[in-house]
There are 4 protein chains.
Amino acid sequence: MASNRQKEIALAAVKLFEQKGYHATSVQDIADEVGLQKGSLYHYIHSKEDLLLQIAHEAITEFNDNLQAVLDTDMSAPEKLVKAVENHITVSVSNMETTTVLLREAFSLGDPQHQVIQDLTDKYVDLWTQVLEEGARSGEFHVREPKVVALAILGACNWVYRWYRQSGQLTPSQVARVFSDMFLNGLTSDNHPGVQQ
Amino acid sequence: MASNRQKEIALAAVKLFEQKGYHATSVQDIADEVGLQKGSLYHYIHSKEDLLLQIAHEAITEFNDNLQAVLDTDMSAPEKLVKAVENHITVSVSNMETTTVLLREAFSLGDPQHQVIQDLTDKYVDLWTQVLEEGARSGEFHVREPKVVALAILGACNWVYRWYRQSGQLTPSQVARVFSDMFLNGLTSDNHPGVQQ
Amino acid sequence: MASNRQKEIALAAVKLFEQKGYHATSVQDIADEVGLQKGSLYHYIHSKEDLLLQIAHEAITEFNDNLQAVLDTDMSAPEKLVKAVENHITVSVSNMETTTVLLREAFSLGDPQHQVIQDLTDKYVDLWTQVLEEGARSGEFHVREPKVVALAILGACNWVYRWYRQSGQLTPSQVARVFSDMFLNGLTSDNHPGVQQ
Amino acid sequence: MASNRQKEIALAAVKLFEQKGYHATSVQDIADEVGLQKGSLYHYIHSKEDLLLQIAHEAITEFNDNLQAVLDTDMSAPEKLVKAVENHITVSVSNMETTTVLLREAFSLGDPQHQVIQDLTDKYVDLWTQVLEEGARSGEFHVREPKVVALAILGACNWVYRWYRQSGQLTPSQVARVFSDMFLNGLTSDNHPGVQQ
DNA sequence: CATGAATGAGAATTCATTCAT
DNA sequence: TATGAATGAATTCTCATTCAT
């Protein structure tokens, strides 16, 4: 039900939060970006912090929904892991600004609001852990610490926003494949897709 | 040549920056923590931002030095990787506050100063990449994108500060072993240390 | 000639001004109370301040009219005083919200408008003074400073809104009788109505 | 322990609050009055509201202390009442600005802070009521509703700030005598001090 | 060394009012 | 008549930094 102006403001905020950081972005900056007076912004937002909350909320929700969808399929565990990595990185890169705000700026949220994002983030870790537990149960994965492994994989994926830039590099899918290959096959084993052929 | 007072101030700042974030920490907060007046702090620091720079600089330098030391040994590539992961996670966890400030708050540095940290961070990525390239050259690693793999591993390791808490979990070394195991052997291969026995 | 909507708005304003004070009441609050949008209010009012002026004006006018009516009778001076006190307190209590706004909030009026209320208030003091002067002239009252006495009585009566609450206390008329009794007979003389009988 | 600057600021605030009202006085106004920058004020005050609280607190405390001192003497009840009226009006007039702020502006205090003043004000009413109860017990006063009578007297006294101006009128003591005379002897009885002689 | 007064720029937010639709 | 978007000025308060003592 967000009006155009609301979307416009959220987009401007995402852009500025990504560029300068939440704290270094003033409400004036956002107003300037959308061509409104500072005061007029408050027809659309509750507070600057609320704007950040909304952005972060939408971002983490998309990650959660995507991963839940993968879990709901009847793929094998390795297939799910590959797909989950692919999804995460693709979304990360195509919504790089939003992802950056989620991962870098959400900590600036005050306490009741920060917890909302924290809870959804915990949920995301749980879903990743489920992927690994499924594989462990089926014998497809050799995992004794599924949660720690999930956090390792998630960490690798969440770091992408810090280094990925479009500049003449691998596509998100290619990055995802490099990641999945290592996660599944390791660096020292022989069964690598590129190598096998 | 840092005096006791300077160290004390840096420690207070690290603690507060970790707890509340750089922006939410006022110079007054730091002064209170060390039992000085706000004005007196400026006998020891140039600016709040400079304090952050020093903390981040020291942190990233330690990571760099440790990794360089590993590279300077004559271990095999897999051994180096294992050692590097072990070092990174151990240091991360034992200096959790400092590491948190480095990874979460350094972005708040203004431009000339942020670049200093960025350059050292790039250097750190280079060193990791060297580990992988060594393994690739020697045939020990099956890696076609050593830098991307380095970034994956680094991302996994850099994420640890976000979830590791002392509370009844694995030790840093155990976490490091879980990580290395996956990086080297993958989730699907059979040659896992824990499994072999 | 006030329309229903205008009356409704004035009532809402009185209620809110009494509860929260004039400054703490926003035009939005009033709009919410009557179920209109902020902008729509301005079809009915000139300004928030004008609303306050109207409320205060109506209130002080009623006090003046009532007192003038008493003066216009051919009662004795003591009877007039008793009646005036009774009127004032009765009206005060039955229109407590309006009276509160008049006595507590009218000061918030800006200068040209505040003077309107001030003049009517001065008039009210004059009327009270007339009651006392009548009694002085007729020898019924022993008064050498009729205006000061008028102000004492008025002060006592105007204070009622600060403490009178319906909660199981005297009725307004009973309060008025306690007041008049003291004003007429004093605390130490022997001729008190209740005592004589 | 208030420094000179703190007193100076409080005095400036009292003056401005009395002249323009609390809400119409900006922190800027106060800063201008004492010749400081807006921000510098905050070395001395917690908030604008706190400034108001302090002023009101000091004022009501003085009234309470004075009345308690009268109660602690061994005067007769009528003497105590005369003295209490004299004290109240004298203090009222000599600290007219402060008294005005207490009686007119304290309502602007937000809730936890307003209650502090309210409680002290309730205490003041209690003390007045004690004066009347003493007289009732000793038979010196003919009073059946000591609290209501106390409120009448207090109301009369508290109204003084609204009309008393130095301009060629009675002195505070003379006003007090006019008041006491009516309260004690009434308007219609024969035993008035001036009349007896 | 240490203080604490002072700065001054800047922050988020509120709000009465206007006006095109 | 009703809306709600837009204004723009004002407000309180914060804060890193400086400097005379």
Side-chain angles (χ1 to χ4, degrees), chain A residues 3-6 8-9 22-31 34-52 110, chain B residues 3-6 22-31 34-52 110, chain C residues 3-6 22-31 34-52 110, chain D residues 3-6 8-9 22-31 34-52 110:
Chain A
S3 73
N4 277 348
R5 262 287 157 82
Q6 268 169 327
E8 203 185 335
I9 290 167
Y22 173 75
H23 281 108
T25 301
S26 70
V27 171
Q28 185 63 256
D29 291 333
I30 302 172
V34 297
L36 281 175
Q37 293 303 109
K38 215 178 359 173
S40 310
L41 269 194
Y42 285 84
H43 280 281
Y44 302 98
I45 66 171
H46 236 84
S47 66
K48 186 186 162 193
E49 193 175 15
D50 189 58
L51 199 44
L52 175 56
Chain B
S3 73
N4 275 350
R5 263 286 159 80
Q6 270 170 326
Y22 173 74
H23 281 107
T25 301
S26 70
V27 171
Q28 184 64 251
D29 291 333
I30 302 171
V34 297
L36 280 175
Q37 291 308 110
K38 215 181 357 175
S40 312
L41 268 194
Y42 283 84
H43 288 291
Y44 303 97
I45 67 171
H46 276 100
S47 67
K48 186 186 165 193
E49 193 174 16
D50 188 56
L51 201 42
L52 175 56
Chain C
S3 73
N4 274 350
R5 262 288 160 80
Q6 270 169 325
Y22 173 74
H23 281 108
T25 301
S26 70
V27 171
Q28 185 62 253
D29 290 333
I30 302 171
V34 297
L36 280 175
Q37 291 309 111
K38 215 182 356 176
S40 312
L41 268 194
Y42 284 84
H43 288 290
Y44 303 97
I45 67 171
H46 276 98
S47 67
K48 186 186 164 191
E49 193 175 15
D50 188 57
L51 202 42
L52 175 57
Chain D
S3 72
N4 276 350
R5 262 288 156 79
Q6 266 169 329
E8 203 185 338
I9 290 166
Y22 174 74
H23 281 108
T25 301
S26 70
V27 171
Q28 185 63 255
D29 291 334
I30 302 172
V34 296
L36 280 176
Q37 292 306 110
K38 217 179 358 174
S40 311
L41 269 194
Y42 285 86
H43 278 282
Y44 303 97
I45 67 172
H46 236 84
S47 66
K48 187 187 162 192
E49 193 175 16
D50 189 58
L51 200 43
L52 175 56

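A, B, ... follow the sequence lines: proteins, then strands. Residue 1 opens every chain.
Nucleotide E:dC19 holds its C1' atom 15 Å from the CD atom of C:Gln37, rounded to whole Å. Note: CG (D:Asp50) to P (F:dT12) measures 14 Å, nearest angstrom. Spacing between atom CD of A:Gln6 and atom C1' of F:dG4 amounts to 13 Å, rounded to whole angstrom units. Atom P of nucleotide E:dC1 and atom CG of B:Leu36 are separated by 11 Å, given to the nearest angstrom. A straight line from CD1 of B:Ile30 to C1' of F:dC15 spans 12 Å, rounded to a whole angstrom. One can place CG of A:Leu41 at 14 Å from P of E:dA11, the figure rounded to the nearest angstrom.
At least one donor-acceptor pair under 3.5 Å links the side chain of C:Lys48 to the backbone N or O of C:Thr25. When atom types are taken as modelled, the side chain of C:Gln6 and the backbone of C:Ser3 share a donor-acceptor pair closer than 3.5 angstrom.
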Between the protein and nucleotides 12-15 of chain E, are there any N/O to N/O pairs under 3.5 Å, and if so, what are the atom names and distances?
unit_1	atom_1	unit_2	atom_2	d
E:dA12	OP1	A:Val27	N	3.4
E:dA12	OP1	A:Lys48	NZ	3.0
E:dA12	OP2	A:Val27	N	3.0
E:dT13	OP2	A:Tyr42	OH	2.7
E:dT13	OP2	A:Lys48	N	3.1
E:dT13	O4	A:Lys38	NZ	3.4

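For the pair D:Asp29 and A:Gly35, both in contact range of DNA chain F, the more 5′-proximal nearest nucleotide belongs to A:Gly35. Residues B:Arg5 and C:His43 each lie close to DNA chain E; by heavy-atom proximity, the contact nearer the 5' end of the strand is made by B:Arg5.
Counting only heavy atoms from C-beta outward, the side chains of C:Ile30 and C:Leu51 approach each other to under 4.5 Å.
Two end axes, each from the C1' atoms of five base pairs, can be drawn for the helix from E:dA2-F:dT21 to E:dT21-F:dA2; they diverge by 0°, to 10 degrees.
Nearest heavy atom pair, residue A:Arg5 against residue A:Leu36, reads NH1-CD2, 3.4 Å. Looking at every heavy atom in both residues, A:Ile9 comes nearest to A:Val34 through CA-CG1, 3.9 Å.
Between atom CG of residue B:Leu41 and atom NE2 of residue B:His46 there is a gap of 13.5 Å, rounded to the nearest 0.5 Å. Atom-to-atom distance recorded for B:Ser26:OG and B:Lys38:NZ is 7.5 Å, nearest 0.5 angstrom.
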